[in-house]
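So that the names make sense, note that chain A is the first sequence line, chain B the second, and so on, each numbered from 1.
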Amino acid sequence: MTTRRDVLQTAGRVAALLVAAGVLPEAARAQAAAPWPAAAFETKSVADLMKALGSAAPVESKEITVQGPDIAENGAVVPLGAATTLTGVKRILLLVEKNPNILSAIFELGDAVEPSISTRVKMGQSSNVFAIAMTNDGRVLYAAKEVKVTLGGCGG
Amino acid sequence: MADPMRIRAQSSGSGATVRVLMAHEMETGLRKDAAGKTIPAWFIQQVSASLNGKPVLSAQWGPSVAKNPFLQFNIKGAKAGDKVAITWLDNKGDTRTDEATVS
Amino acid sequence: MSAWRREGLRVALALALAGVSATAAAQGKSAADGIAEYRKMLEDGNPADLFEAKGESLWTTKRGPKNASLEACDLGKGPGVVKGAFVELPRWFADTQRVQDLESRLLTCMETLQGLKAAEIAATPFGRGEQANMEALAAYVSAASRGQRMNLPQAHLQEKVMYEVGKRAFYFRGGPMDFACATCHGEPGKRVRLQDLPDLTKNPGDGIGFAAWPAYRVSSGELWSMQRRLNDCYRQQRFPYPGYASDVTIALGVYMGVNAKGAESIAPAIKR
Amino acid sequence: MKHKTPALAATVIVVAALLAAGCGSMPSSEQLDQQALAVIKGSFRAQGIATMDRLHQDQGQAACSSAQAPSEAIARQIQDNALASVKWPAGGQYLGDWREGEKLAQNGRGMTWTDAAGSANGGSCYNCHQIGKAELSYGTIGPSLYNYGKLRGVADPASPTSAAIVQYTWGKLWNSKAYAACSNMPRFGHAGLLTEAQIRDVMALLLDPKSPVNQ
């Protein structure tokens, strides 16, 4: 019986081997240096997530916006993004409150990237979505909005 | 071998907007097949972007990122002719790198 | 007894007409606006691009027992002409003596040029093996006509016959729910749940209905050609299983395509 | 040999042109009807529970299979037959549980070739109708049923004043063609899509004053 954690650890080892063998490109080497934070991706609440990441609790702020539709025609693909007017943002997190695991994605921003990111996530049901921004000077801020997921088509 | 990504990098204002589509199942590990057997998780965990070889962005993803993932971001100071490279790595150790030129 | 019940119907109808339509319209609008916003967000970055790229590479790759590419395939505008072919399909082909749609024509080319077995591919489940390749090829061929207007030929007798057969199939009611294609697609301005239903008995507009497929289906994360779209329509109609590239599916393609004359093709589109 | 090719090509073009001009003439409307039936029967195959007998049309299905409505006489005949087929509820018990009715209204599953034999069917009601106000995702093929009972003055479904609308609603759910020969609505009771008990639950959703539909 292979557990998910085993698979992940194996993946990490494979990546390390590939890097050692010079098979992985340079960009992937940088990633391999920062391991995939399995514990953070298994949390069910904002509080547990912040604990897993060793971060302070986030404070709601108008300086950050979470971008998503009011209604999603299909939960399989829901556009989700974050943008902020803050400076010195090093990290942006995208969360879906009612998903089996709350964390969808972490973005580590270099100085050359604007703090504005869009991707698409899966949502099992209508839920609040969050964008959390972490700055170099230790601020942790968030914005939230509700996305309604509708049943569509003939439903069969 | 994974199918290639589609990367569009367009200069806009003082930088470039990068839009990426990646061909990947992004299987959550929570679904069951017709026979009731759990379909194992299979998803991109790490993504990184570089501009002319210098890392500018990295990301860690969970299985709730949508199938055939889309990613959009803006690189400050990028100009036409610059090279943007994207690499992803999934939980099975499969990886793919593709490159585009800013237009 | 029955006359009395009919009277009941009249009362019911009068009440229904008087009461509810305003509420429905107000609520429907805000939800519809939300859906429109969602669709707009998805437009920029349609994963159909991934399938289009794969299809383009498949088109030029030497494959099959004959180790040949599809570059000599005649999609109706001469061997190797891809641009503009999609908006004129289905059409009559002299070599096969049949009216063929995009997918059935691709099957012919895969068999004659590459030596692949058309019947085997037609029997393969959607999304697997050569069927996955079919979808990529359909994305590539349709994309080469993006922005052009539907313009199916109707000069050949068999093209006209297939239009008439398609029209009859469109209105054919059957199955345990009494559904025909026309049940959902015979009138303008209707929805199933929140999804707009194009009226396919006439040109429903640019990039709508026949002019939007193949499309990337968000719900399955796959590219669906018109063959797969029709297959799922018939599943939801509770009909038996339509054969892949069977005459009824091709006839429906002729009926919808001719009706859509002048509509701008946006295929491959993105759909729920 | 090569110099012969243009001549050969020319022959092909002439043949094609003849075909294009229509060596045969357009079949009659009746012939096309026959051809369409043959094409339909030849294009489908049984799959799972979706067997080929589903293509065998009854009188109403056949009469309602074109853009033209059937004649008034035929429509009347279809409606009369449909009304005669309605099975009225045992013991005059018309209403069940509106909560179960809402679940059925939401559920669009059943009877497809991907459904297992004997699996429970939904009513698919929201596919075509607005019903409860909380559900934003509703179709518009049928009329809105929001406030269905309230608008029709049903304060007590068991009272004699409500009898006409209660019975009409049962008949409509059991066999929609009783009141409109070519109704788009499935015949839920007649076709065995829903059981008598399930139809009671849908009735309650529409007519029970406590149902959210009537708030």
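Looking at C/R39, C/R272, C/R193, C/R217 one by one, the single match for salt bridge (Lys or Arg N to Asp or Glu O under 4.0 Å) with A/E73 turns out to be C/R39.
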A/V78 vs C/M41, side chain to side chain contact (heavy atoms under 4.5 Å, CB included): CA-CA, chis, key distance, verdict: CA-CA 9 Å; A/V78 182; C/M41 284 178 168; over 6 Å; no
Residue pair A/V77, C/Y38: steps toward the side chain to side chain contact (heavy atoms under 4.5 Å, CB included) verdict: CA-CA 10 Å; A/V77 178; C/Y38 168 84; 4.2 Å; yes
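Looking at C/D44, the atoms closer than 4.5 Å to chain A (heavy atoms on both sides) all sit in the backbone: N, CA, C or O.
Interatomic distance, CG of A/N74 versus CG of C/L194, reported as 12.0 Å (0.5 Å rounding). Annotation: the span from A/D70 atom CG to C/D33 atom CG amounts to 9.5 Å, rounded to 0.5 Å.
Enclosure of atom NZ in A/K145 by more than 12 non-hydrogen atoms of other residues, nucleotides or ligands within 6.0 angstrom is indicated. The local environment of CG in A/D111 is sparse, with at most 12 non-hydrogen atoms from other residues, nucleotides or ligands closer than 6.0 Å.
Side-chain contact check for A/R120 versus C/L42: some heavy-atom pair is nearer than 4.5 Å.
Of the listed residues (A/A76, A/G75, A/A72), the one with the most heavy-atom contacts under 4.5 Å to chain C is A/A72.
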